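Take a look at the structure set out below.
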Amino acid sequence: MGDEVLKSPYGSWPSPVDAALAAAHDGRPDWVGVVGDEIWWTEPRPAEGGRRALVRRRADGGEEPVLPAPWNVRSRVIEYGGRPWSGVMRDGRPLAVFTHFADQRLYLFEPGGEPRPLTPLSAVGGGLRWVEPQIHLERGEVWCVLEEFTGEGPDDVRRVLAAVPLDGSAADDRGAVRELTPERQRFVTGAKLSPDGRRAAWLTWDHPRMPWDGTELLVAEVADDGTLRDARTVAGGPREAVAQVEWSADGRLLYASDRSGWWNLYRDGTPLCPREEEFGGALWQLGLRWFAPLDSGLIAVVHGKGATILGILDPETGELVDAAGPWTEFTAGLTAHGERVVAVGASPRTAYEVIELDTRSGRARPIGAPHEDPVDPAYYPEPQIRVFTGPDGREVHAHVYPPHHPERTAPDGELPPYVIWAHGGPTSRVPLVLDLEIAYFTSRGIGVAEVNYGGSTGYGRAYRERLREQWGVVDVEDCAAVARALADEGTADPARLAIRGGSAGGWTTASSLTTTDLYACGTILYPVLDLATWGPGETHDFESRYLESLIGPLTEVPARYAERSPTAHADRIGVPFLLLQGLDDVICPPAQCERLLARIDGRGVPHAYLTFAGEGHGFRRAETMIRALEAELSLYAQVFGLEPVPEVPKVDLRT
């Protein structure tokens with residue numbers, strides 16, 4: 001590579017990061033576990049229909065899939081799923097139990113054989129679904145969370161703790177599944193057994209709360225017949241969110257609670273390391289683990305304000321020592337074996353990889369799905385961690401990725417186009433990690449700014465609750481504050497600003513196009529658009545009452561539901577937009593998009609609507625991701641007046 005830097009307009013720079021490369025590197029390893037001396041995890045296979053493969057790292061360091069295609073290790077409980085597999089050694093051989101996505105049955109697998117179903121199919125509604133399996137060989141059972149549909153509606157559903165026989169006797173017999181507790185509340189996490197096997201702990205909550213609003217931590221006695229008796233609440237409540245519970249090796253109760261305004265760790269009710277940092281997060285999936293107790297009594301923790309790092313906490317002294325290494329972001333997927341911790345981490349220069357930390361030596365190393373640069377890292381985006389000022393002087397956290405290319409720069413005086421990215425959730429956060437979708441744009445000369453708007457996790461409960469009854473207001477204002485600041489400071493071209501987002505970020509994008517005139521265009525992916533039809537009976541049960549906190553109770557503020565809905569104000573959209581939707585999406589169904597399109601029909605607004613069969617909420621297939629990214633780039637090329645990329649098909653914007 002030469003040292004010569006050529007001048008060419010933003011958006012015209014040639015890039016080795018094409019849509020196929022970005023799609024191939026989408027997703028991350030997840031749900032790490034230890035089976036004997038091996039580390040197992042799930043990882044995405046975009047080129048194999050988007051399935052999640054179960055992978056093992058053998059003792060000799062080699063990696064191989066545990067199950068061939070089409071086995072897809074992924075649960076649909078609460079639609080976002082959770083931990084879908086568990087493994088142990090039996091008679092010196094691995095034994096695994098997993099949920100298969102296609103039929104949601106629980107299967108038992110031993111290498112060398114075929115998976116055998118442990119649970120029956122049900123013809124009722126969404127059937128029987130299972131998550132957080134925990135194998136108890138001494139009981140001959142797998143303990144799980146069971147989600148059972150009782151009718152055809154999305155909220156005709158019950159969830160209980162259940163035990164499935166390992167001998168396969170329940171494969172065709174629902175009656176052979178043993179329920180561990182009576183149905184008590186709408187939502188439940190997997191039961192954690194104390195070291196002596198005499199007590200169990202788990203979390204519950206009920207509508208209209210979401211788990212980051214408030215949960216109850218229950219502890220029960222394990223009766224002689226294996227049921228859980230005399231459950232009592234030991235922490236949590238309507239305004240206290242307990243995110244995770246575990247038992248220490250000496251039988252004490254550990255949990256992460258936000259009673260102080262931050263998710264901190266507690267042992268039997270006493271804070272272990274009180275800080276204005278998060279040691280927990282939003283429970284979007286069942287089985288997330290921000291901390292893992294070690295046999296020594298130390299506790300591995302994922303913690304931070306904003307970005308999360310891996311550390312080891314001494315609960316006796318409160319001393320916290322962070323792991324050395326290049327990783328600046330860790331997921332809520334810790335597992336421990338002996339004095340070793342296995343985690344999934346990444347950085348702005350590395351994609352997510354499986355990392356093992358030896359707590360005795362302090363040495364951390366990648367041991368699975370290791371990052372390998374698919375292109376010259378000189379093309380990677382270079383993030384800036386920024387704090388902007390929003391309305392009323394409030395802080396708005398963001399990651400700004402300027403256009404970046406090793407051999408190109410723009411002509412003097414030209415300002416770059418920028419796309420504001422609004423994350424989903426909305427109770428979520430964008431991590432500061434290498435994302436080739438961002439590189440796809442920045443390496444061509446289009447800037448990206450990811451906004452952790454008010455409502456995001458990682459900055460304490462008060463920041464998270466800025467969005468309470470303010471969805472469609474605070475998120476829109478915070479994204480706009482970042483966009484305006486970038487334009488005002490001369491970083492971005494004010495005439496070439498765009499906004500994009502998926503799911504709740506799709507709502508923020510559409511709301512921004514109907515309430516501001518900042519943006520020249522927008523990309524809306526699998527969005528919420530019509531609040532009147534996104535609730536009980538219309539969307540899935542988990543989020544069916546979410547709007548009561550995001551917007552307000554429908555019975556008290558009915559007008560607000562129409563006032564905020566982009567569908568109700570489609571006539572205000574005056575700029576081109578791209579709408580991308582999976583046809584199998586039960587969280588944000590295609591009908592949401594169709595209502596918006598019906599309202600703008602004949603209004604002369606250029607737009608494109610691309611749908612994808614076989615895709616649900618969030619795209620997983622390589623061909624879908626390629627088509628979506630290329631269509632998005634084509635939109636910006638047309639609206640911003642960029643030189644079209646020859647290999648990218650032009651998306652047809654119709655009026």
Side-chain angles (χ1 to χ4, degrees), residues 211-215 217 235-236 239-246 248 254-267 269-284 288-294 298-334 336 341 343-348 355 357 359 362 364 383 385-387 394-399 423 425 427-433 450 452-467:
W212 42 87
D213 296 325
T215 59
L217 166 53
R239 297 282 298 161
E240 179 186 350
V242 179
Q244 183 191 340
V245 60
E246 305 287 343
S248 64
L254 301 168
Y255 57 90
S257 163
D258 72 347
R259 65 179 60 155
S260 70
W262 297 82
W263 272 301
N264 278 192
L265 279 189
Y266 294 81
R267 183 174 63 188
T270 301
L272 294 179
C273 183
R275 292 187 181 192
E276 290 193 350
E277 287 186 18
E278 305 285 35
F279 289 74
L283 201 63
W284 279 103
L288 295 177
R289 296 184 84 200
W290 291 269
F291 67 91
L294 299 168
L298 299 175
I299 306 170
V301 293
V302 166
H303 71 102
K305 183 176 181 180
T308 54
I309 50 179
L310 175 64
I312 301 296
L313 172 66
D314 184 337
E316 305 307 325
T317 65
E319 183 184 8
L320 180 56
V321 178
D322 291 327
W327 309 284
T328 55
E329 194 81 49
F330 285 85
T331 68
L334 293 186
V341 178
V344 175
S347 80
I355 296 152
L357 169 66
T359 60
I385 301 172
R386 300 279 305 271
V387 180
R394 64 179 183 245
E395 288 186 347
V396 181
H397 297 272
H399 306 150
H423 65 70
T427 309
S428 185
R429 179 180 65 84
V430 282
L432 191 69
V433 300
E450 295 184 300
N452 281 317
Y453 48 80
S456 300
T457 49
Y459 306 98
R461 185 165 185 130
Y463 194 89
R464 197 165 78 238
E465 294 203 330
R466 283 185 192 171
L467 210 57

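Here the structure is a predicted model, which is why all the values come from computation and not from measurement.
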Please list, one pair per line, the donor and acceptor atoms closer than 3.5 Å that link side chains of residues 320-328 to other protein atoms, with sequence neighbours excluded.
residue : atom : partner : partner atom : Å
D322    : OD1  : H303    : NE2          : 2.7
W327    : NE1  : E353    : OE2          : 2.9

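- Residues N264 and P274 form a side-chain contact, since some pair of their non-hydrogen atoms from C-beta on lies under 4.5 Å apart.
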Original post:
Does the side-chain contact (heavy atoms from CB on, under 4.5 Å) test come out yes or no for L288 and L283, once each step is laid out?
Top reply: CA-CA 7 Å; L288 295 177; L283 201 63; 4.3 Å; yes

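- Contacts classified as side-chain hydrogen bond (donor to acceptor under 3.5 Å, both in side chains) and involving residues 305-314 (residues at least two apart or in different chains) are given here: T308-E329.
- Rounding to the nearest 0.5 Å places CZ of F291 at 13.5 Å from CD1 of I312.
- Closest non-hydrogen pair, G455 versus L467, comes out as CA-CB, 3.8 Å.
- Looking at residues two or more places apart in sequence or on another chain, you find a salt bridge (Lys or Arg N to Asp or Glu O under 4.0 Å) between E465 and R239, R461, R468.
- Annotation: the span from Y255 atom OH to W263 atom CH2 amounts to 15.0 Å, rounded to 0.5 Å.
- Shown here for L432 and P383, the closest heavy-atom pair between the two residues is CD1-CB, 3.7 Å.
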**OP:** List the steps, then state whether side chain to side chain donor-acceptor pair (under 3.5 Å) holds for S456 with H397.
**Re:** CA-CA 9 Å; S456 300; H397 297 272; over 6 Å; no

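- Partners of R267 according to the salt bridge (Lys or Arg N to Asp or Glu O under 4.0 Å) rule, which considers only residues two or more places apart in sequence or in another chain, are E316.
- Distance check: Y266 OH to C273 SG gives 11.0 Å after rounding to the nearest 0.5 Å.
- For Q244, the side chain to side chain donor-acceptor pair (under 3.5 Å) criterion is met by E246, not counting sequence neighbours.
- Distance alone, capped at 3.5 Å, is enough to place a donor-acceptor pair between the T215 side chain and the V242 backbone.
- In this structure, R466 forms no cation-pi arrangement with Y459, as its terminal cationic atom is not both closer than 6.0 Å to the ring centre and no more than 45° off the ring axis.
- Looking only at distances, a side-chain donor or acceptor of N452 sits under 3.5 Å from a matching main-chain atom of V430.
- Contact check for E278 versus R464: side-chain heavy atoms found under the 4.5 Å cut-off.
- Checked against side chain to side chain donor-acceptor pair (under 3.5 Å), W212 has the following partners two or more places apart in sequence or in another chain: T427.
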